[in-house]
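Here's the structure we're looking at; comments come further down.
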Amino acid sequence: MTAQMTSEIFSHADSLPTDEERVVYLRQNHTKAVKALLIHNFNTNIKFLLPEGRPDLRTDEFEPQNSYFPNLGATDDGATLNYEVRKMYLFIEGGHPNLTALKRETLWHELVNSLHPSEADDLWYMKDKKLQEKYKKITHLVAYNSFPEGVQQPEAKPKRDTSGRFTKSEKPKKKKAKK
């Protein structure tokens with residue numbers, strides 16, 4: 001059985017009525033790519049060394065590529081994000097320090113153009129940390145509850161008082177050392 005594409009898993013999870021159901025579904029149906037996309041999207045300490053946005057470089061329809069078996073034709077399903085996700089270290093800060101910006105961007109475009117368009121779209125959203133804009137109900141909290149071992153815990157939003165002003169957060173008082 002072939003693994004589902006990230007877009008299929010995220011779309012189904014997004015259509016579920018409650019956050020609890022989304023968490024359970026993502027845990028039960030996750031793939032390497034789903035987990036990696038959520039981790040890279042919601043962790044603030046992961047910074048992509050690629051330009052913001054998306055250029056429109058692809059002009060042809062998706063045709064599977066396979067340089068190892070060129071005679072297979074339509075039976076090959078091309079690259080999958082589950083396999084290609086292992087290359088993410090090339091595009092993040094500290095992942096491959098000797099890689100030039102031009103080579104990094106070239107590798108990124110080769111990767112994106114080798115994938116199915118729906119998975120490539122998820123990759124573009126993840127790079128800009130905007131996956132939650134495409135899948136509105138897959139929030140940082142849902143991702144954290146699904147994969148707490150990899151996704152950074154969401155920060156609590158500051159509270160406002162009745163006037164609309166932010167209230168002070170209570171910090172623990174430091175005890176002075178006795179002399």
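Only heavy atoms go into these numbers, but all of them, side chains included; no hydrogens, no water, no symmetry mates. Small disclaimer: the values here were computed from a predicted structure and weren't measured.
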Chi angles and distances behind the side-chain contact (heavy atoms from CB on, under 4.5 Å) call for Leu123, Met88: CA-CA 10 Å; Leu123 208 55; Met88 283 300 117; 3.8 Å; yes

Chi angles and distances behind the side-chain contact (heavy atoms from CB on, under 4.5 Å) call for Val151, Lys35: CA-CA 9 Å; Val151 177; Lys35 194 171 181 179; over 6 Å; no

side-chain contact (heavy atoms from CB on, under 4.5 Å) between Tyr83 and Lys32, worked out: CA-CA 8 Å; Tyr83 180 73; Lys32 289 179 190 176; over 6 Å; no

Evaluation steps, side-chain contact (heavy atoms from CB on, under 4.5 Å), between Gln132 and Asn41: CA-CA 9 Å; Gln132 64 277 13; Asn41 187 69; 2.9 Å; yes

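Across Met5 and Ser118, no two heavy atoms sit closer than the pair CE-OG, 3.6 Å. Scanning all heavy atoms of the two residues, the minimum distance from Leu102 to Thr106 falls at O-OG1, 2.7 Å. Across all non-hydrogen atoms, the minimal contact from Gly53 to Trp124 is O-CZ3, 3.4 Å.
Not a single donor-acceptor pair under 3.5 Å links the side chain of Glu21 to the backbone N or O of Leu16. Side chain of His40 to main chain of Ala36: a donor-acceptor pair is present (N/O by atom type, distance under 3.5 Å, no hydrogens or angles). The backbone N or O of Ile46 sits less than 3.5 Å from a side-chain atom of Lys129, completing a donor-acceptor pair. Judged by distance alone, the side chain of Arg104 and the main-chain N or O of Leu90 form a donor-acceptor pair under 3.5 Å. A distance-only check finds no donor-acceptor pair linking the side chain of Ser11 to the backbone of Glu8 [under 3.5 Å]. Between the side chain of Arg22 and the main chain of Lys137, a donor-acceptor pair closer than 3.5 Å is present. Between the side chain of Lys134 and the backbone N or O of Ser7 there is no donor-acceptor pair closer than 3.5 Å. A donor-acceptor pair under 3.5 Å links the side-chain atoms of His30 to the main chain of Arg27, judged by distance alone. Judged by distance alone, with hydrogens and angles left aside, the side-chain atoms of Asp128 form no donor-acceptor pair with the main-chain N or O of Glu52 at under 3.5 Å. For Asn43 (side chain) and Gly150 (main-chain N/O), a donor-acceptor pair under 3.5 Å exists by modelled atom type.
With rounding to the nearest 0.5 angstrom, the CE atom of Met126 is 9.5 Å from the OG1 atom of Thr6. With rounding to the nearest 0.5 angstrom, the CG atom of Asn145 is 10.5 Å from the CG atom of Leu26. For the atom pair CG of Leu131 and OH of Tyr125, the computed distance is 9.0 Å after rounding to the nearest 0.5 Å. Leu81 contributes atom CG, which lies 5.5 Å from atom CG of Leu115 (distance to the nearest 0.5 angstrom). Atom-to-atom distance recorded for Leu111:CG and Glu119:CD is 10.0 Å, nearest 0.5 angstrom. The distance from atom CD of Glu93 to atom CG of Asn45, rounded to the nearest 0.5 Å, is 10.0 Å.
Ring pair Phe91/Trp108 is perpendicular by interplanar angle, where above 60° counts as perpendicular and below 30° as parallel.
Taking the charged nitrogens against the carboxylate oxygens, Asp14 and Lys136 have no contact shorter than 4.0 Å, which rules out a salt bridge. In summary, Lys103 and Glu110 do not engage in a salt bridge, as defined by a charged side-chain N under 4.0 Å from a carboxylate O.
With sequence neighbours left out, Thr139 forms a side chain to side chain contact (heavy atoms under 4.5 Å, CB included) with Leu141, Val142.
No chain of hydrophobic side-chain contacts below 4.5 Å, direct or via other Ile, Leu, Val, Met, Phe, Trp or Tyr residues, connects Leu49 to Val85.
Side-chain atoms of Leu37 and Phe10, non-hydrogen and from C-beta on, do get closer than 4.5 Å to each other. Counting heavy atoms from C-beta on, the side chains of Gln28 and Val24 come closer than 4.5 Å. For the pair Val23 and Glu20, the minimum side-chain heavy-atom distance is 4.5 Å or more. Using a 4.5 Å heavy-atom threshold, the side chains of Leu107 and Lys87 count as separate. Counting heavy atoms from C-beta on, the side chains of Val34 and Asn82 never come closer than 4.5 Å.
In this model, a donor atom of one side chain and an acceptor atom of the other lie less than 3.5 Å apart for Asp122 and Tyr135. Using modelled atom types and a 3.5 Å distance limit, the side chains of Asn29 and Gln4 yield no donor-acceptor pair.
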